[in-house]
Amino acid sequence: VLAYVGEDPADIIYDLCTNYIPGFDADWIDLDAWQTETGTYNGNVYTAYITEPTSVKTLLEEMAQQGSLALWWDDVNDLLRLQVLRAVLTSAFDYTPDSMRQGTLATREQLEQRLSQVQIYFGQINPLLPLSNKDNYRSSTIVSDEDAEEDWGQPAIMTIMSRWIPSSGRTVADRLG
């Protein structure tokens with residue numbers, strides 16, 4: 001069993017990358033910068049018991065989603081970057097047609113990405129049971145946007161079965177939603 005109990009998401013991702021990805025160089029991660037980012041903008045700890053072989057890719061995707069994180073490769077500095085997703089500052093640069101080089105940005109509607117409800121099951125009871133077993137969670141929450149459902153005439157629902165959010169993590173689950 002691989003256990004993470006009350007861990008910072010930066011530490012979890014660092015451990016997964018450096019200990020379970022063959023050939024991954026620890027120098028590709030600025031752990032101090034990651035911990036500052038997660039400590040400042042996330043401030044949560046996560047718990048999971050990995051009881052069966054699970055790909056690192058799956059665990060990283062879960063942690064990124066459930067920790068509201070973005071991970072990307074910075075090929076200029078040869079670093080794996082991490083950022084907590086958060087509101088855009090009001091002082092951020094505005095992109096307007098005048099500030100973009102013509103032909104460099106294209107937009108399109110992505111209706112398959114539309115969500116009006118997010119159901120989160122968390123507080124896994126028995127880590128030996130499948131994640132998909134809804135009866136194996138102590139808590140759940142639903143975050144919905146009724147205006148979006150009314151605008152589109154039907155709900156678009158995402159269900160997240162979280163092995164990472166403990167049963168006392170309703171605030172974390174609500175933020176995720």
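Remember, predicted model here, so these are calculated numbers, not experimental data. Quick note: numbers below take in every heavy atom, side chains included, and nothing from hydrogens, waters or symmetry partners.
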- State yes or no: do Leu85 and Leu115 share one hydrophobic cluster built from I, L, V, M, F, W and Y residues joined by side-chain heavy-atom distances below 4.5 Å, directly or via other members? no

- Where do Met158 and Gln65 land on the side chain to side chain contact (heavy atoms under 4.5 Å, CB included) test, with the steps shown first? CA-CA 12 Å; Met158 172 187 265; Gln65 177 194 55; 3.9 Å; yes

- Message: Please tell me whether Val5 and Tyr46 are part of a single hydrophobic cluster in this structure, the criterion being side-chain heavy atoms less than 4.5 Å apart.
- Response: no

- Query: Is it true that Val172 and Tyr41 fall in one hydrophobic cluster, defined by side-chain heavy atoms closer than 4.5 Å?
  - Reply: yes

- Message: I'd like to know if the side chain of Thr51 and the backbone of Pro127 have a donor-acceptor N/O pair within less than 3.5 Å.
- Response: yes

- Give, for atom OG1 of Thr171 and atom CD1 of Ile165, the distance between the pair rounded to the nearest 0.5 Å. 10.5 Å

- Note on the structure: The reported gap from CG in Leu2 to CG in Leu59 (rounded to nearest 0.5 angstrom) is 7.5 Å

- Not counting sequence neighbours, which residues clear ring-ring contact (aromatic ring centres under 6.0 Å, His included) with Tyr4? List them please. Trp164

- Query: Taking Asn44 for the side chain and Asn42 for the main chain, is one N or O donor matched with an acceptor at less than 3.5 Å?
  - Reply: yes

- Worked check of side chain to side chain contact (heavy atoms under 4.5 Å, CB included) between Asp8 and Trp34: CA-CA 10 Å; Asp8 182 302; Trp34 281 20; over 6 Å; no

- Message: How close do Ala173 and Thr141 get, counting heavy atoms only, and between which atoms?
- Response: CB-CG2, 3.7 Å

- Message: Check for me, please, whether Tyr49 and Met63 land in the same ILVMFWY cluster - side-chain distances under 4.5 Å, paths through other members count.
- Response: no

- Message: Any side-chain to backbone donor/acceptor pair from Glu37 onto Val84? Under 3.5 Å, distance only.
- Response: yes

- Message: When you measure from the side chain of Thr47 to the backbone of Gly6, do you find a donor-acceptor pair of N or O atoms at a distance under 3.5 Å?
- Response: yes

- Between Pro9 and Leu69, the two heavy atoms sitting closest are CB-CD1, 3.9 Å

- Query: Does some side-chain heavy atom of Trp72 sit less than 4.5 Å from a side-chain heavy atom of Leu80?
  - Reply: no

- If you take all heavy atoms of Gln66 and Met161, which pair is closest and at what distance? NE2-O, 4.1 Å

- Task: Could you walk me through whether Thr40 and Arg86 pass the side chain to side chain contact (heavy atoms under 4.5 Å, CB included) test, one step at a time?
- Result: CA-CA 11 Å; Thr40 302; Arg86 55 189 181 269; over 6 Å; no

- Item | Reported OH-to-CG distance for the pair Tyr14 and Asp30, which is rounded to 0.5 angstrom | 10.5 Å

- Say you draw a straight line from CG of Leu31 to OG1 of Thr18; how long is it, rounded to the nearest 0.5 Å? 9.0 Å

- Query: Within the distance-only criterion (no hydrogens, no angle test), does the side chain of Ser68 pair as donor or acceptor with the backbone N or O of Leu176 below 3.5 angstrom?
  - Reply: no

- Item | Side-chain donor or acceptor of Arg175 paired with backbone N/O of Arg170 under 3.5 Å | no

- What's the verdict on side chain to side chain contact (heavy atoms under 4.5 Å, CB included) for Glu62 and Leu131, showing C-alpha distance, side-chain angles and the deciding distance? CA-CA 12 Å; Glu62 288 176 3; Leu131 287 176; 3.7 Å; yes

- Enter the distance from Ile29:CD1 to Ile13:CD1 here, rounded to the nearest 0.5 Å. 8.5 Å

- Closest non-hydrogen contact found for Asp135 with Ile125 is O-CD1, 3.9 Å

- Is Asn136 reaching over with its side chain to a backbone N or O of Asn126, donor-acceptor style, under 3.5 angstrom? yes

- Message: Filter on ring pair (Phe, Tyr, Trp, His ring centres under 6.0 Å), then keep only pairs touching residues 108-161, sequence neighbours left out; what's left?
- Response: none

- Item | Linked, directly or transitively: Tyr20 and Leu71 (ILVMFWY side chains, under 4.5 Å) | yes

- Task: Rounded to the nearest 0.5 Å, what's the gap from CG on Asp25 to SG on Cys17? Could you check?
- Result: 11.5 Å

- Might you confirm whether atom CD of Gln110 has over 12 heavy atoms from other residues, nucleotides or ligands at distances under 6.0 Å? yes

- Message: What I'd like to find out is whether the side chain of Arg114 reaches to under 4.5 Å of the side chain of Glu109, using heavy atoms alone.
- Response: no

- Heavy-atom closest contact (Ser116 atom, Pro155 atom, distance): OG-CA, 3.3 Å

